[in-house]
Amino acid sequence: MEQVTSTTLGLLMAYLLPGLVVLYSLSFWSLRLREVFRSFLAAQQIGLFLLVLAASLIAGLLAGAVRWVGFEFLFGSKCQHLEPAQFRQLTTQTKFSAFSYIVDENFRFHQFWGAMVVVAPFLCASLLKEFWNYIHLLGILTGVITFLIMEFIIAIAAWKSYKRFVARARCILAGPGDEEQAAGKSE
């Protein structure tokens with residue numbers, strides 16, 4: 001088996017975990033999916049385990065597409081992004097390795113947090129649906145306020161990690177003598 005790397009962990013974090021949150025949220029709306037999730041958690045069937053992982057990846061990739069539209073296409077295109085021409089600067093193994101490192105260490109966090117901004121409202125609605133009859137109005141209000149605060153914090157984390165990634169990528173992709181200009185553009 002191949003060694004687990006930071007790239008592997010980053011991809012799991014960016015796509016699998018948000019997808020699992022989506023499936024978990026859906027289990028509050030579908031009795032059949034709730035049964036599937038219980039079997040998955042009990043690890044009763046390897047086929048079911050693989051099916052849930054595949055469905056989680058699909059859901060995570062879909063959440064990632066919504067994240068991309070919001071953070072990178074709409075907001076990133078107006079504020080900061082990497083130009084396609086900048087990638088021509090990946091001419092040496094050193095630059096490529098440094099770029100790959102910041103993708104793993106910065107961009108994957110942006111992908112995770114951005115996807116969680118997308119899926120967290122659905123999780124909140126699912127939990128409210130599940131526990132609506134068991135908690136009083138103050139508990140519901142407290143839960144919604146807590147959710148809104150967490151959603152705001154996660155959105156800021158997603159945006160800041162995206163900006164950090166772009167700033168660091170520009171420094172790596174800049175040609176000799178262009179580092180100051182690349183750093184100034186990202187501020």
Side-chain angles (χ1 to χ4, degrees), residues 4-79 103-166:
V4 175
T5 65
S6 62
T7 300
T8 306
L9 293 175
L11 290 170
L12 290 175
M13 179 180 69
Y15 297 110
L16 184 65
L17 295 179
L20 279 170
V21 170
V22 169
L23 286 184
Y24 178 70
S25 300
L26 286 172
S27 74
F28 290 107
W29 301 88
S30 165
L31 291 177
R32 176 68 184 128
L33 189 57
R34 186 176 294 194
E35 291 171 19
V36 168
F37 224 86
R38 283 188 185 135
S39 296
F40 169 75
L41 292 174
Q44 293 174 349
Q45 302 170 358
I46 189 69
L48 181 62
F49 178 80
L50 294 175
L51 180 66
V52 169
L53 287 181
S56 296
L57 283 173
I58 291 167
L61 287 166
L62 292 172
V66 176
R67 173 209 46 86
W68 176 82
V69 168
F71 283 96
E72 295 174 50
F73 180 72
L74 295 177
F75 297 121
S77 64
K78 291 177 178 45
C79 300
V103 166
D104 289 342
E105 298 300 323
N106 290 151
F107 191 67
R108 297 295 180 225
F109 284 95
H110 158 69
Q111 289 178 305
F112 171 73
W113 288 325
M116 289 307 295
V117 167
V118 172
V119 303
F122 191 59
L123 176 62
C124 182
S126 299
L127 290 171
L128 281 174
K129 176 208 173 283
E130 183 68 14
F131 298 108
W132 187 261
N133 294 326
Y134 304 108
I135 52 179
H136 51 79
L137 184 60
L138 183 59
I140 292 171
L141 187 60
T142 302
V144 169
I145 290 171
T146 301
F147 161 75
L148 291 172
I149 291 168
M150 290 306 298
E151 184 78 353
F152 179 72
I153 291 169
I154 294 169
I156 289 173
W159 181 244
K160 288 293 191 178
S161 62
Y162 178 70
K163 286 177 62 174
R164 186 180 317 116
F165 164 73
V166 171

Could you tell me which non-hydrogen atom of [X] sits nearest to which non-hydrogen atom of [Y], and how far apart they are?
| X | Y | value |
| --- | --- | --- |
| Glu151 | Met116 | OE1-O, 4.1 Å |
| Val119 | Ala63 | CG1-CB, 3.7 Å |
| Arg34 | Phe28 | NH2-CA, 3.4 Å |
| Trp29 | Ser126 | NE1-OG, 2.6 Å |
| Leu20 | Ser56 | CD2-OG, 3.1 Å |

Reported [atom1]-to-[atom2] distance for the pair [X] and [Y], which is rounded to 0.5 angstrom:
| X | Y | atom1 | atom2 | value |
| --- | --- | --- | --- | --- |
| Arg108 | Phe165 | CZ | CZ | 9.0 Å |
| Phe107 | Arg164 | CZ | CZ | 13.0 Å |
| Trp113 | Ile153 | CH2 | CD1 | 12.0 Å |
| Gln111 | Leu61 | CD | CG | 9.5 Å |
| Ile149 | Ile154 | CD1 | CD1 | 12.0 Å |
| Ile145 | Ile140 | CD1 | CD1 | 12.0 Å |

How about [X] and [Y]: do any of their side-chain heavy atoms sit closer than 4.5 Å?
| X | Y | result |
| --- | --- | --- |
| Leu138 | Thr142 | yes |
| His110 | Lys163 | no |
| Val118 | Val22 | no |

For Phe109, does the CZ atom sit with more than 12 other heavy atoms under 6.0 Å from it, leaving out its own atoms?
->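 Incorrect, the count does not exceed 12.
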Step through the shown structure and confirm whether more than 12 heavy atoms of other residues, nucleotides or ligands are within 6.0 Å of NZ on Lys129.
->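 Atom NZ in Lys129 is packed in, count exceeds 12.
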For the pair Trp159 and Phe71, name the ring-plane relationship: parallel under 30°, tilted 30 to 60°, perpendicular over 60°.
->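 It falls in the parallel class, under 30°.
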Check: Ser161 side chain, Ala158 main-chain N or O, donor-acceptor pair, under 3.5 Å =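 Side chain of Ser161 to backbone of Ala158, a donor-acceptor pair under 3.5 Å: yes, one is there.
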